[in-house]
Amino acid sequence: MAEAGHKFLAKLGKKRLRPGGKLATDWLIEQGQFSSDKKVLEVACNMGTTTIELAKKYGCQITAVDLDTKALAQAHLAAAKVGVEEFVTFEKANAMKLPYEDDTFDIVINEAMLTMQTEKGKAKCMEEYYRVLKPGGVLLTHDVMLKQKDEAVRVELSRAINVNVGPLTEGSWIQLARSHRFDRVDTFVGEMTLMSVSGMIYDEGLGGTLKICFNALKKDNYSQFMKMFKMFQKNQEKLGFIAMASWK
Ligand SMILES: C[S@@+](CC[C@H](N)C(=O)[O-])C[C@H]1O[C@@H](n2cnc3c(N)ncnc32)[C@H](O)[C@@H]1O
């Protein structure tokens with residue numbers, strides 16, 4: 001079976017597997033007003049990049065979950081390497097059935113995962129995020145945004161990354177949050193930078209980008225890399241990112 005785009009990019013050495021990269025994540029972090037006394041849940045943490053950054057910067061307690069056991073093992077190792085194990089707990093859990101009590105967390109952060117879910121799946125995740133957030137808590141999400149509803153682009157994106165994705169327009173993402181009782185929703189939208197050269201340099205540094213390109217040029221990786229790269233280039237006017245802060 002063809003490898004999912006995010007797994008493929010992680011294999012090449014990419015650490016941020018999200019449409020608006022560090023720019024969008026930094027906006028989310030600003031909205032969250034993180035501090036050492038906040039209880040945080042990261043859903044879909046993958047290799048733990050954001051969780052580890054938050055633990056290092058704010059010293060808050062973070063529970064981070066994903067379904068991918070291999071990525072969770074990488075996250076454990078990465079947290080140990082920088083000495084933040086006391087702040088982070090990595091667990092295997094499904095966003096649609098979170099193993100936590102109601103009203104547990106001040107902040108839930110979830111990047112580049114809702115896009116991968118069906119309409120029903122997105123609704124189930126949003127119910128769970130609302131349930132586990134404390135009253136007054138904030139949900140921070142970051143997803144692929146369609147500038148206009150466009151089934152052809154949705155299909156092209158799904159084929160290029162080997163995942164049947166469901167990106168929404170800005171209005172539909174906001175509606176998703178509002179229909180799940182989040183009464184204040186703030187958004188930040190911008191260009192898709194996941195595979196643009198400037199986006200990769202901003203997110204991964206020059207050394208990281210050179211490493212990704214070196215790996216992309218290897219015989220086994222070249223055709224999948226080019227398939228994804230060309231699709232994002234072709235549709236750069238049609239795709240973007242949306243970061244949202246939604247308050248309970
Ligand atoms: C595109 S990656 C994004 C990873 C990371 N959040 C980032 O922005 O770099 C999507 C992640 O969502 C995880 N995922 C997909 N469905 C999930 C679910 N139902 N529950 C928890 N994690 C899920 C995948 O295993 C993968 O690690």
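Ligands are counted one by one from 1 in listed order, and the atoms in each one are counted from 1 as well. Hydrogens, waters and symmetry mates are skipped; everything else that's a heavy atom, side chains included, is used.
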Chemist: Give the atom numbers and elements of ligand 1 that come within less than 4.0 Å of a heavy atom of Asp68.
Modeler: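 So the atoms of ligand 1 that pass are 25 (O).
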
Chemist: Work out whether the distance between some heavy atom of Gly121 and some atom of ligand 1 is less than 4.0 Å.
Modeler: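 Gly121 does not count as a contact of ligand 1 under the 4.0 Å cut-off.
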
Chemist: For atom 16 (N) of ligand 1, what is the closest protein heavy atom, and at what distance to 0.1 Å?
Modeler: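 The answer is Gln117 NE2, 3.4 Å.
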
Chemist: Test your reading of the structure: does Arg16 have an N or O sitting under 3.5 Å from an N or O of ligand 1?
Modeler: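 Among all N and O atoms of Arg16, none is under 3.5 Å from an N or O of ligand 1.
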
Chemist: May I ask whether His142 places a heavy atom under 4.0 Å from ligand 1?
Modeler: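 It does not, in that no heavy atom of His142 comes within the 4.0 Å cut-off of ligand 1.
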
Chemist: Which residue and atom name correspond to the protein heavy atom nearest atom 22 (N) of ligand 1, and how close is it?
Modeler: Leu67 N, 3.6 Å

Chemist: Could you tell me whether Leu17 and ligand 1 have an N or O pair separated by under 3.5 Å?
Modeler: yes

Chemist: When only distance counts, is Ala95 in polar contact with ligand 1, meaning an N/O pair under 3.5 Å?
Modeler: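 By distance alone, the answer is yes.
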
Chemist: Under 4.0 Å, heavy-atom basis, I'd like to know which part of Cys125 is in contact with ligand 1: side chain, backbone, both or neither.
Modeler: neither

Chemist: Do me a favour and list the nearest non-hydrogen protein atom to atom 7 (C) of ligand 1 with residue, atom name and distance?
Modeler: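 Here the nearest protein heavy atom works out to Arg18 NE, 3.4 Å.
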
Chemist: Kindly indicate, with the supporting measurements, whether the criterion side chain to side chain donor-acceptor pair (under 3.5 Å) is fulfilled by Thr25 and Glu111.
Modeler: CA-CA 8 Å; Thr25 304; Glu111 296 184 278; 2.6 Å; yes

Chemist: Starting from atom 12 (O) of ligand 1, locate the nearest protein heavy atom and write down its residue, its atom name and how far away it is, to 0.1 Å.
Modeler: Ala44 CB, 3.3 Å

Chemist: For Leu146 and Leu239, work out which heavy atoms get closest and say how close.
Modeler: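 Taking Leu146 first and Leu239 second, the nearest heavy atoms are CD2-CD2, 3.8 Å.
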
Chemist: Could you tell me, atom by atom, which parts of ligand 1 come under 4.0 Å of a heavy atom of Ala112?
Modeler: 1 (C), 2 (S), 3 (C), 10 (C)

Chemist: Would you tell me whether Arg154 and Asn164 have side-chain atoms, one donor and one acceptor, within less than 3.5 Å of each other?
Modeler: yes

Chemist: Going by the closest heavy atom to atom 24 (C) of ligand 1, which one wins out of Asp66, Thr51, Asn94?
Modeler: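 It is Asp66 that holds the nearest heavy atom.
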
Chemist: Which of these, Met116, Glu111, Met113, has its nearest heavy atom closest to atom 3 (C) of ligand 1?
Modeler: Glu111

Chemist: Output yes when the distance from some N or O of ligand 1 to some N or O of Asn46 is under 3.5 Å, and no in every other case.
Modeler: yes

Chemist: What do you reckon, is NZ of Lys15 surrounded by more than 12 foreign heavy atoms closer than 6.0 Å?
Modeler: no

Chemist: If you measure only the distance, is there a donor-acceptor pair under 3.5 Å linking the side chains of Ser172 and Thr169?
Modeler: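 Judged by distance alone, the side chains do pair up.
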
Chemist: Is the count of non-hydrogen atoms from other residues, nucleotides or ligands lying under 6.0 Å from Lys11 atom NZ greater than 12?
Modeler: yes

Chemist: In ligand 1, which numbered atoms sit nearer than 4.0 Å to a non-hydrogen atom of Ala93?
Modeler: 20 (N), 21 (C)

Chemist: What residue among Leu12, Ile161, Leu9, Asn162 forms side chain to side chain contact (heavy atoms under 4.5 Å, CB included) with Gln224?
Modeler: Asn162

Chemist: Cation-pi check for Phe34 against Lys57: NZ or CZ below 6.0 Å from the six-membered ring centre and within 45 degrees of the axis, yes or no?
Modeler: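 Judged by the rule (NZ or CZ under 6.0 Å from the ring centre, within 45° of its axis), Lys57 is not positioned above Phe34.
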
Chemist: Assigning hydrophobic clusters by single linkage (Ile, Leu, Val, Met, Phe, Trp, Tyr; side-chain heavy-atom cutoff under 4.5 Å), is Leu17 placed with Phe232?
Modeler: yes

Chemist: Give me the ring orientation class for Phe8 and Phe225: parallel if the planes are under 30° apart, tilted from 30 to 60°, perpendicular past 60°.
Modeler: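 Ring orientation, 0 to 90° scale: tilted.
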
